[in-house]
Amino acid sequence: MVNKLRQYILEKKHYQFRREININLAEEFKKQNLSPVERMTQRFEKLCKMETPVILEDEKICYLRTITTIPDCYTPDEWESLEAEHYMYKINNISPNYYKAVDKGLLALREDADEYGKRAIDAIIELSDRYREEAKKQGRNDIVKVLERVPRYGATSFREALQMFRILHFSLWLEGNMLVTIGRFDKHIYPYLEADLKNGVLTKEDALELLEDFFVSFNKDSDICSSAQTGDNGQSMMLGGIDENGNDVYNLLSEMCLKASYNNKMIDPKINLRVSKNTPANRFVEATKLTKAGLGFPQYSNDDVVIPALEKLGYEHKDAVDYTVAACWEFIIPGYGNDIVNIDAMSYPEAVDTALHNDLKNCETFDDFFKSVQGEIGKITDRIHSNIKEVFCLPSVFMNVLMDCEIYEAKGKYTNFGIHGVGIATAADSLAAIKKYVYEEKSLSKDELISAVDSNFENTPELLHRLRYDAPKLGNNDDYVDDIAVELLDSFGNALKDKKTVLGGIYRAGTGTAMNYLYQAYAIGASPDGRRKGEPFGANFSVSLFAKVNGPVSVIASMTKPHFENAINGGPLTLEFHQSVFAEDDGIEKVGMLVKSFIDRGGHQLQLNSVNLEKLLDAQKNPENHRQLVVRIWGWSAYFVELDKEYQDHVIARQMYSI
Amino acid sequence: MTGTIFDIKEMAVHDGPGIRTTVFLKGCPLSCKWCHNPEGLKQTPQLMYKKARCIDCGKCKEKCEHDECQPYGRCIRVCPENCLEVSGKKVYAKELAVKLKKTADVLGNSFGGFTFSGGEPLMQSVFLLELAEHLRPYHLCVETSGYAEEETFQMVVSKMDLVIMDIKLADADLHKKYTGVSNEIILKNFEILRSSGKPYIIRTPLIPNVCDTEDNLSKIKQIIGKSKWEQLPYNQMAGAKYEMLNMVYPMR
């Protein structure tokens with residue numbers, strides 16, 4: 001059953017039910033001079049009414065998005081004038097508390113909701129009634145029964161819980177919220193599974209199939225709600241980790257989620273796993289079996305690093321231990337975190353480039369030059385800080401119901417801003433080359449270096465080769481350059497330490513890049529690490545694309561030296577292995593042990609994948625033969641053939657450790 | 001004591017227990033037609049040219065004054081894509097050991113040990129033994145063809161914790177035909193290995209129609225009896241490096 005559903009969705013047959021709607025709500029809203037919250041509520045009410053209930057033959061967990069675009073609440077000129085004075089914040093990248101709704105039902109939540117929340121809930125219930133009608137028409141009594149309970153009342157079974165979740169998530173997207181993350185699914189939903197198994201309502205096999213059906217549902221509408229490229233939609237599920245008493249949360253449902261993801265082999269939901277020093281070794285092996293599927297799942301986050309670092313930033317202990325990831329990898333508190341985790345990005349190579357051109361000649365020693373780079377990092381963060389104007393937050397009335405704190409006007413228990421840190425390897429490698437050749441060996445003059453960089457190494461092929469391939473590189477367990485990277489990260493964290501945001505929160509320096517590994521790379525020319533003009537940086541927290549590295553152990557050694565408590569916004573190290581490494585149990589076990597070593601050494605976050613370079617190259621040439629080939633991008637996975645070429649090329653250029 | 005190595009692989013998978021680092025020693029007395037590490041055959045450094053990356057800029061063809069480039073007739077210090085690399089580096093055993101142990105430190109308890117491979121590691125047995133000494137107390141494994149003087153073989157085996165030895169072909173004539181040498185010494189050394197008391201694994205690569213025949217496999221079974229035996233599937237990418245060395249893959 002699930003197989004047929006999976007095929008149906010992969011073949012995009014459900015697209016036939018979609019329609020474009022051509023309504024202009026904004027004009028009408030403007031004319032009536034409606035408040036933001038009234039606009040958002042009316043839009044949601046209208047969209048719920050316009051949604052057509054569609055139930056697919058082979059599915060158990062229903063709800064299908066039929067409206068493709070969400071009309072704006074503001075006219076273009078209204079928006080423009082708002083944007084001139086504000087940072088425009090459409091709620092994204094936060095993790096609502098679906099689970100209180102799953103437990104209590106929407107009628108119970110309605111009691112405490114504000115008037116807009118009440119209207120939103122009513123609209124959701126009305127749509128569910130129409131779905132129930134449709135189910136009746138189709139003779140789907142199984143669905144009728146489920147919809148008699150949810151979403152009005154709390155779930156009383158695993159299936160009801162899953163259906164309720166689907167309705168909630170569907171509604172959040174329909175409201176216009178983006179990159180809404182799933183949160184700690186196993187922790188909250190396991191009791192429903194446990195009860196059904198105990199009472200004989202479901203067998204384990206039934207439950208797995210139901211879960212797979214539920215997992216397929218994350219792939220139905222995701223193309224409508226993606227950000228950068230298809231796949232970037234924020235449906236990140238967090239498994240494992242500890243509860244407020246320090247107990248391990250990982251349970252049978254966690255295990256089944258790994259299996260369901262493996263069986264489906266689809267790019268959503270994105271599987272994340274919280275681990276620590278106390279995680280049993282065999283769990284890493286189990287998780288590596290999922291890595292074998294080539295989806296780039298799971299992504300690991302280290303409780304030992306994240307929890308204390310969040311607390312150091314002022315997060316309450318009971319919240320810090322509940323952390324999940326936002327759309328890709330930024331750490332966020334479910335229910336309470338209204339942080340804007342990706343408000344801007346700081347380019348380390350830009351800092352080096354500016355210092356190189358403006359100050360290298362004045363710097364007698366390398367330490368002087370490094371101080372100059374630190375100064376530039378400070379200037380960039382100042383610039384970022386002063387660029388952020390007052391925040392205008394579109395009020396998501398249903399999201400507000402599901403969060404555990406009010407989020408109107410960008411309020412929240414936590415309203416911190418996250419800033420990505422881009423190109424650390426390029427910068428560290430550049431600085432190491434300068435330190436070695438300009439200051440220590442004195443085999444390269446400052447003028448030579450600057451003019452070589454400015455001319456894109458056109459007339460200095462030997463210098464290019466030396467900088468690119470012979471100079472010390474981050475990723476080889478070489479303190480000479482690794483220490484520079486440690487200091488760069490510290491500098492970034494320090495530059496943000498005492499700043500307060502416009503919302504009264506703090507800034508969180510991060511190790512992620514999002515798509516800035518392309519854009520910020522294009523913003524500067526060549527760099528002293530031998531990177532040519534136009535070449536991208538590595539994605540997230542990684543070594544330089546062209547660096548010769550000794551292998552994954554050296555990379556792990558280098559990339560676990562930094563002090564992550566100074567930059568805990570999030571952003572993983574990426575390691576990729578050739579598919580053949582996973583062919584046998586022996587290889588799987590060893591990769592699992594490697595991940596454990598990474599965690600034991602204090603690595604903060606890791607995304608890992610199984611790749612086949614030959615397949616990727618062939619997929620570029622013959623995409624029709626590789627429709628289901630999945631690759632990991634910067635926090636999400638994508639169908640390789642659906643990516644723009646520059647993303648494809650970047651994936652191909654990434655390091656690979658094959659046996 | 002120096003030795004010539006051509007690669008160090010972190011996280012090798014099929015080379016013994018745990019996450020291991022494998023050191024590849026250059027030089028081999030055999031010349032198996034299916035060898036997938038052809039740069040391991042000659043003991044001396046060789047130029048490898050990665051044609052797939054070449055953008056034909058011609059910079060390497062311009063005359064240069066660098067000493068290290070002279071043996072190769074190409075400048076190896078100007079390639080923008082790093083297509084030209086010399087395979088084979090002379091290293092001191094002690095220095096190499098220091099470098100290798102860094103990896104072990106990173107992995108702590110997950111580290112499985114070191115494996116010596118190649119080429120044929122026993123061809124540089126003095127270097128190998130010194131290296132092994134410096135790497136105590138880590139678990140040590142050697143991957144060998146078994147083609148070495150008895151005394152040498154015995155000595156190295158005694159210093160290893162695990163021996164992985166190839167027995168490719170049981171028939172003496174076929175062995176000579178496909179590897180260039182007789183298997184007499186190899187089979188004699190196998191007996192030494194068998195009675196050494198050391199843990200060992202026998203390996204046979206399943207080269208299609210050569211080693212994977214019922215005849216060959218049953219004959220090998222007769223020789224090795226109850227020994228632990230791994231039959232390795234043929235590496236489809238085996239021919240990949242030949243062109244880089246300006247060689248022709250014999251199994252094509």
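All values below come from the heavy atoms of this structure, side chains included, with hydrogens, waters and symmetry mates left out. Throughout, a chain's letter reflects where its sequence line sits, starting with A, and its residues are numbered from 1.
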Q: Could you tell me whether the side chains of Ser597(A) and Ser110(B) share a donor-acceptor contact shorter than 3.5 Å?
A: yes
Q | Part of Glu85(B) lying under 4.5 Å from any heavy atom of chain A | A | side chain
Q) When heavy-atom pairs shorter than 4.5 Å are enumerated against chain A, which of Leu107(B), Thr21(B), Asp105(B), Thr103(B) gives the highest number? A) Leu107(B)
**Q.** chain A contacts, top residue of Gly18(B), Pro17(B), Gly108(B) (heavy-atom pairs, under 4.5 Å)
**A.** Gly18(B)
Q) Which region of Glu589(A), side chain (C-beta onward) or backbone (N, CA, C, O), has a non-hydrogen atom less than 4.5 Å from a non-hydrogen atom of chain B, or is it both or neither? A) neither
(Q) Tell me whether the rings of Phe541(A) and Phe564(A) are parallel (<30°), tilted (30 to 60°) or perpendicular (>60°). (A) perpendicular
**Q.** Lys/Arg-Asp/Glu bridge criterion (N-O < 4.0 Å) met for Arg531(A), Asp529(A)
**A.** no
Q) Highest number of heavy-atom pairs under 4.5 Å with chain B: which of Ser554(A), Ala557(A), Gly530(A)? A) Ser554(A)
Q: Could you label the plane-to-plane angle of the Phe546(A) and Tyr469(A) rings as parallel, tilted or perpendicular, counting under 30° as parallel and over 60° as perpendicular?
A: perpendicular
Q | Gap between atom NZ of Lys226(B) and atom NZ of Lys221(B) - 0.5 Å precision | A | 8.0 Å
Q.
Please identify which of these residues, Leu25(B), Thr4(B), Thr2(B), meets the side chain to side chain contact (heavy atoms under 4.5 Å, CB included) condition with Phe127(B).
A. Leu25(B)
Q: Go through the atoms of Lys59(B) and report whether side chain, backbone, both or neither lie under 4.5 Å from a heavy atom of chain A.
A: side chain
Q: Under 4.5 Å heavy-atom distance to chain B, tell me which part of Leu464(A) shows up: side chain, backbone, both or neither.
A: side chain
